[in-house]
Student: 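Below: one structure in C-alpha coordinates.
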Amino acid sequence: AQSVAQPEDQVNVAEGNPLTVKCTYSVSGNPYLFWYVQYPNRGLQFLLKYITGDNLVKGSYGFEAEFNKSQTSFHLKKPSALVSDSALYFCAVRDMNTGNQFYFGTGTSLTVIP
Amino acid sequence: DAGVIQSPRHEVTEMGQEVTLRCKPISGHDYLFWYRQTMMRGLELLIYFNNNVPIDDSGMPEDRFSAKMPNASFSTLKIQPSEPRDSAVYFCASSPSPGLAGGKQYFGPGTRLTVT
(Lines give C-alpha, C1' and ligand atoms only; values in the text may rest on other atoms or scores of the structure.)
Protein backbone atom coordinates (compact mmCIF):
# COMPACT_ATOMS: atom_id res chain seq x y z
CA ALA A 1 0.00 0.00 0.00
CA GLN A 2 1.10 3.50 -0.71
CA SER A 3 1.98 5.58 2.32
CA VAL A 4 4.09 8.34 3.75
CA ALA A 5 5.41 8.39 7.30
CA GLN A 6 6.64 11.35 9.28
CA PRO A 7 7.85 9.78 12.50
CA GLU A 8 8.15 13.00 14.49
CA ASP A 9 5.09 15.05 15.40
CA GLN A 10 7.29 17.82 16.78
CA VAL A 11 10.84 18.97 16.11
CA ASN A 12 12.54 21.70 18.11
CA VAL A 13 15.79 23.28 17.02
CA ALA A 14 17.76 26.32 18.10
CA GLU A 15 18.06 29.22 15.69
CA GLY A 16 21.18 28.90 13.60
CA ASN A 17 21.45 25.15 14.03
CA PRO A 18 20.85 22.69 11.20
CA LEU A 19 17.42 21.13 11.03
CA THR A 20 16.12 17.83 9.71
CA VAL A 21 12.51 16.79 9.27
CA LYS A 22 12.18 13.10 8.50
CA CYS A 23 10.03 11.37 5.91
CA THR A 24 9.86 7.81 4.65
CA TYR A 25 7.61 6.52 1.93
CA SER A 26 6.20 3.34 0.52
CA VAL A 27 5.01 3.33 -3.07
CA SER A 28 5.19 1.01 -6.01
CA GLY A 29 7.36 2.17 -8.85
CA ASN A 30 9.33 5.38 -8.96
CA PRO A 31 8.02 7.99 -6.56
CA TYR A 32 7.34 11.62 -7.11
CA LEU A 33 8.14 13.20 -3.73
CA PHE A 34 7.19 16.60 -2.37
CA TRP A 35 7.57 18.78 0.69
CA TYR A 36 5.01 21.39 1.63
CA VAL A 37 4.96 23.96 4.42
CA GLN A 38 1.92 25.35 6.18
CA TYR A 39 2.01 28.55 8.19
CA PRO A 40 -0.79 29.27 10.69
CA ASN A 41 -4.14 29.94 9.06
CA ARG A 42 -2.74 29.43 5.57
CA GLY A 43 -2.91 26.79 2.87
CA LEU A 44 -0.04 24.46 2.11
CA GLN A 45 2.80 25.92 0.09
CA PHE A 46 5.14 23.95 -2.13
CA LEU A 47 8.78 23.79 -0.99
CA LEU A 48 10.49 21.31 -3.27
CA LYS A 49 10.10 18.08 -5.17
CA TYR A 50 12.05 15.10 -6.39
CA ILE A 51 11.13 13.53 -9.70
CA THR A 52 14.37 12.17 -11.07
CA GLY A 53 18.02 13.07 -11.32
CA ASP A 54 20.26 14.37 -8.56
CA ASN A 55 19.31 12.91 -5.19
CA LEU A 56 19.83 16.25 -3.46
CA VAL A 57 17.04 18.64 -4.31
CA LYS A 58 17.13 22.33 -3.48
CA GLY A 59 13.95 24.28 -2.88
CA SER A 60 12.50 27.47 -1.53
CA TYR A 61 13.73 29.42 1.51
CA GLY A 62 17.07 27.57 1.64
CA PHE A 63 15.53 24.14 2.20
CA GLU A 64 16.83 21.00 0.57
CA ALA A 65 15.92 17.34 0.68
CA GLU A 66 17.83 14.18 0.01
CA PHE A 67 16.24 11.26 -1.81
CA ASN A 68 17.57 7.93 -0.59
CA LYS A 69 16.13 5.05 -2.58
CA SER A 70 17.63 2.27 -0.48
CA GLN A 71 16.20 3.72 2.71
CA THR A 72 13.02 4.96 0.99
CA SER A 73 13.51 8.30 2.66
CA PHE A 74 13.19 11.91 1.66
CA HIS A 75 14.33 13.98 4.65
CA LEU A 76 13.99 17.75 4.60
CA LYS A 77 17.02 19.73 5.70
CA LYS A 78 18.28 23.24 6.19
CA PRO A 79 21.83 24.16 7.22
CA SER A 80 20.83 27.05 9.50
CA ALA A 81 17.33 27.37 10.95
CA LEU A 82 15.48 30.67 11.25
CA VAL A 83 12.73 31.51 13.71
CA SER A 84 10.52 32.21 10.69
CA ASP A 85 10.90 28.56 9.62
CA SER A 86 8.58 27.58 12.48
CA ALA A 87 5.60 25.96 10.77
CA LEU A 88 3.95 22.64 9.95
CA TYR A 89 5.74 20.56 7.34
CA PHE A 90 4.16 17.87 5.20
CA CYS A 91 5.84 15.23 3.10
CA ALA A 92 3.85 13.83 0.18
CA VAL A 93 4.24 11.24 -2.55
CA ARG A 94 2.40 11.10 -5.83
CA ASP A 95 1.65 7.59 -6.94
CA MET A 96 1.87 7.26 -10.70
CA ASN A 97 0.49 3.74 -10.64
CA THR A 98 -2.85 4.35 -8.96
CA GLY A 99 -4.53 7.37 -10.45
CA ASN A 100 -1.82 9.93 -9.73
CA GLN A 101 -3.16 10.49 -6.26
CA PHE A 102 -1.17 12.35 -3.61
CA TYR A 103 -0.50 10.74 -0.23
CA PHE A 104 0.43 13.06 2.62
CA GLY A 105 2.20 12.38 5.87
CA THR A 106 0.69 13.45 9.16
CA GLY A 107 2.84 16.54 9.36
CA THR A 108 5.71 17.64 11.59
CA SER A 109 5.50 20.80 13.63
CA LEU A 110 8.84 22.58 13.55
CA THR A 111 9.67 25.12 16.25
CA VAL A 112 12.84 27.16 15.93
CA ILE A 113 13.85 28.55 19.30
CA PRO A 114 15.48 31.99 19.33
CA ASP B 1 -2.53 33.57 -12.33
CA ALA B 2 -4.56 34.16 -9.19
CA GLY B 3 -3.92 30.70 -7.87
CA VAL B 4 -6.58 28.38 -6.52
CA ILE B 5 -9.56 30.36 -5.33
CA GLN B 6 -11.86 29.18 -2.59
CA SER B 7 -15.02 30.73 -1.25
CA PRO B 8 -16.16 31.52 1.28
CA ARG B 9 -13.06 31.89 3.44
CA HIS B 10 -15.09 31.49 6.60
CA GLU B 11 -18.48 29.90 7.12
CA VAL B 12 -20.43 29.66 10.33
CA THR B 13 -23.66 27.73 10.22
CA GLU B 14 -26.06 25.91 12.46
CA MET B 15 -26.36 22.18 12.66
CA GLY B 16 -28.72 20.81 10.04
CA GLN B 17 -28.09 23.53 7.50
CA GLU B 18 -26.71 22.92 4.04
CA VAL B 19 -23.20 24.18 3.37
CA THR B 20 -21.63 24.65 -0.05
CA LEU B 21 -17.94 25.27 -0.49
CA ARG B 22 -16.59 26.47 -3.81
CA CYS B 23 -13.31 26.13 -5.63
CA LYS B 24 -11.84 27.53 -8.81
CA PRO B 25 -8.70 25.65 -9.83
CA ILE B 26 -5.79 27.08 -11.73
CA SER B 27 -6.52 27.23 -15.43
CA GLY B 28 -5.06 24.31 -17.34
CA HIS B 29 -4.84 22.01 -14.34
CA ASP B 30 -6.67 18.76 -14.92
CA TYR B 31 -6.60 17.42 -11.37
CA LEU B 32 -8.62 18.83 -8.49
CA PHE B 33 -8.48 17.64 -4.90
CA TRP B 34 -10.62 18.34 -1.82
CA TYR B 35 -9.01 17.94 1.61
CA ARG B 36 -10.20 18.42 5.18
CA GLN B 37 -7.86 19.40 7.99
CA THR B 38 -8.53 19.08 11.70
CA MET B 39 -6.29 18.94 14.74
CA MET B 40 -7.44 15.44 15.55
CA ARG B 41 -7.18 13.84 12.10
CA GLY B 42 -4.68 16.00 10.28
CA LEU B 43 -4.99 16.40 6.52
CA GLU B 44 -7.48 14.02 4.92
CA LEU B 45 -8.15 13.57 1.21
CA LEU B 46 -11.88 13.60 0.62
CA ILE B 47 -12.16 13.24 -3.15
CA TYR B 48 -10.27 14.06 -6.30
CA PHE B 49 -11.18 14.63 -9.92
CA ASN B 50 -9.32 14.16 -13.18
CA ASN B 51 -10.70 16.04 -16.17
CA ASN B 52 -13.88 16.76 -14.19
CA VAL B 53 -14.50 13.08 -13.44
CA PRO B 54 -14.39 11.85 -9.83
CA ILE B 55 -11.62 9.29 -9.54
CA ASP B 56 -11.60 8.38 -5.86
CA ASP B 57 -14.23 9.45 -3.34
CA SER B 58 -13.35 6.88 -0.71
CA GLY B 59 -12.36 9.64 1.68
CA MET B 60 -15.80 11.22 1.72
CA PRO B 61 -17.02 10.67 5.27
CA GLU B 62 -20.61 9.74 4.55
CA ASP B 63 -23.59 10.39 2.34
CA ARG B 64 -24.01 13.86 3.78
CA PHE B 65 -20.99 14.91 1.72
CA SER B 66 -21.10 15.31 -2.04
CA ALA B 67 -18.78 16.93 -4.56
CA LYS B 68 -19.25 17.98 -8.14
CA MET B 69 -17.11 19.40 -10.89
CA PRO B 70 -19.45 20.56 -13.65
CA ASN B 71 -16.61 22.06 -15.69
CA ALA B 72 -12.87 22.51 -15.66
CA SER B 73 -13.01 25.79 -13.79
CA PHE B 74 -15.37 25.08 -10.92
CA SER B 75 -16.00 22.54 -8.19
CA THR B 76 -18.28 22.39 -5.17
CA LEU B 77 -18.24 20.42 -1.96
CA LYS B 78 -21.63 20.22 -0.29
CA ILE B 79 -22.56 19.06 3.19
CA GLN B 80 -26.21 18.40 3.83
CA PRO B 81 -27.16 18.34 6.64
CA SER B 82 -24.14 19.75 8.45
CA GLU B 83 -23.08 18.56 11.91
CA PRO B 84 -20.72 20.06 14.51
CA ARG B 85 -18.14 17.34 13.81
CA ASP B 86 -17.85 18.69 10.26
CA SER B 87 -16.11 21.77 11.66
CA ALA B 88 -12.71 21.91 9.98
CA VAL B 89 -10.68 23.75 7.39
CA TYR B 90 -11.46 22.52 3.91
CA PHE B 91 -8.78 22.91 1.25
CA CYS B 92 -9.06 22.67 -2.47
CA ALA B 93 -5.93 21.96 -4.52
CA SER B 94 -5.24 21.58 -8.20
CA SER B 95 -2.37 20.16 -10.20
CA PRO B 96 -1.38 19.55 -13.77
CA SER B 97 -0.73 16.07 -15.04
CA PRO B 98 2.35 14.42 -13.50
CA GLY B 99 4.16 14.51 -16.80
CA LEU B 100 4.36 18.27 -16.52
CA ALA B 101 7.34 18.73 -14.21
CA GLY B 102 5.98 16.24 -11.72
CA GLY B 103 2.64 17.90 -11.38
CA LYS B 104 2.92 19.57 -7.99
CA GLN B 105 -0.22 20.61 -6.16
CA TYR B 106 -1.26 24.18 -5.61
CA PHE B 107 -3.45 24.75 -2.57
CA GLY B 108 -6.14 27.31 -2.04
CA PRO B 109 -6.30 29.36 1.16
CA GLY B 110 -8.97 27.10 2.64
CA THR B 111 -12.48 27.55 3.99
CA ARG B 112 -12.81 27.49 7.76
CA LEU B 113 -16.16 25.88 8.53
CA THR B 114 -17.73 26.12 11.95
CA VAL B 115 -20.96 24.24 12.60
CA THR B 116 -22.68 25.16 15.85
Side-chain angles (χ1 to χ4, degrees), chain A residues 1-10 23 25 27-54 57 59-60 63 65 67 74 87-109, chain B residues 2-7 9-10 21 23-26 29-51 53-59 88-114:
Chain A
Q2 297 79 12
S3 68
V4 176
Q6 292 181 245
E8 301 157 317
D9 291 336
Q10 174 80 38
C23 172
Y25 66 90
V27 65
S28 55
N30 294 321
Y32 284 18
L33 295 159
F34 302 81
W35 275 102
Y36 289 84
V37 60
Q38 185 180 29
Y39 298 102
N41 301 313
R42 304 287 293 274
L44 277 70
Q45 298 176 34
F46 170 80
L47 272 181
L48 52 78
K49 66 184 178 188
Y50 171 82
I51 305 301
T52 186
D54 194 345
V57 179
S60 308
F63 283 92
F67 171 65
F74 189 56
L88 190 57
Y89 291 82
F90 289 94
C91 181
V93 61
R94 190 166 197 181
D95 184 2
M96 300 303 128
N97 295 318
T98 57
N100 297 316
Q101 184 179 147
F102 284 82
Y103 294 88
F104 279 83
T106 51
T108 298
S109 179
Chain B
V4 176
I5 299 172
Q6 290 186 247
S7 65
R9 293 293 309 276
H10 302 272
L21 311 181
C23 175
K24 177 178 169 55
I26 293 173
H29 285 187
D30 47 13
Y31 285 84
L32 184 139
F33 304 79
W34 281 101
Y35 293 90
R36 177 172 69 176
Q37 186 177 37
T38 60
M39 289 293 293
M40 291 295 294
R41 302 166 100 128
L43 191 67
E44 302 174 276
L45 175 67
L46 299 176
I47 185 172
Y48 77 101
F49 296 82
N50 178 214
N51 292 323
V53 176
I55 302 301
D56 186 349
D57 65 354
S58 59
V89 180
Y90 291 81
F91 288 104
C92 176
S94 70
S95 77
S97 292
L100 298 176
K104 72 184 186 187
Q105 279 184 319
Y106 296 76
F107 280 78
T111 296
R112 182 174 296 275
L113 173 65
T114 302

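We name chains A, B, ... by the order of the sequence lines, and we start the count at 1 in each one. Please read all numbers here as calculations on a predicted model, not as lab measurements.
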Student: Of the backbone (N, CA, C, O) and the side chain (C-beta and beyond), which part of A/Y36 lies under 4.5 Å from a heavy atom of chain B, both, or neither?
Tutor: side chain

Student: Which answer fits B/Q6, side chain, backbone, both or neither, if we ask what part of it has an atom under 4.5 Å from a heavy atom of chain A?
Tutor: neither

Student: Side chain, backbone, both or neither: which part of B/N50 has a heavy atom under 4.5 Å from chain A?
Tutor: neither

Student: Does some side-chain heavy atom of A/Q45 sit less than 4.5 Å from a side-chain heavy atom of B/Y106?
Tutor: no

Student: Between B/R112 and chain A, with a heavy-atom cut-off of 4.5 Å, which part of the residue counts as in contact: side chain, backbone, both or neither?
Tutor: side chain

Student: Minimum heavy-atom separation for A/Q101 and B/Y48, please, with both atom names.
Tutor: NE2-CE2, 3.4 Å

Student: Does A/R94 make a cation-pi contact with B/Y31, if we ask for NZ or CZ under 6.0 Å from the ring centre and within 45° of the axis?
Tutor: yes

Student: Determine whether the aromatic ring centres of residues B/F33 and A/F102 are separated by less than 6.0 angstrom.
Tutor: yes

Student: Side chain, backbone, both or neither: which part of A/F90 has a non-hydrogen atom closer than 4.5 Å to chain B?
Tutor: side chain

Student: For side-chain contact (heavy atoms from CB on, under 4.5 Å), just list the numbers for A/R42 and B/V89, CA-CA rounded to whole Å, side-chain angles, deciding distance to a tenth of an Å, and then say yes or no.
Tutor: CA-CA 10 Å; A/R42 304 287 293 274; B/V89 180; over 6 Å; no

Student: Give the intermediate values and the outcome of side-chain contact (heavy atoms from CB on, under 4.5 Å) for residues A/L44 and B/L43.
Tutor: CA-CA 10 Å; A/L44 277 70; B/L43 191 67; 3.9 Å; yes

Student: Please report the closest heavy-atom contact between A/F46 and B/K104, naming both atoms and the distance.
Tutor: CD2-NZ, 3.3 Å

Student: Provide the closest heavy-atom pair for B/F91 versus A/Q38 in the form atom of the first, atom of the second, distance.
Tutor: CZ-NE2, 3.4 Å

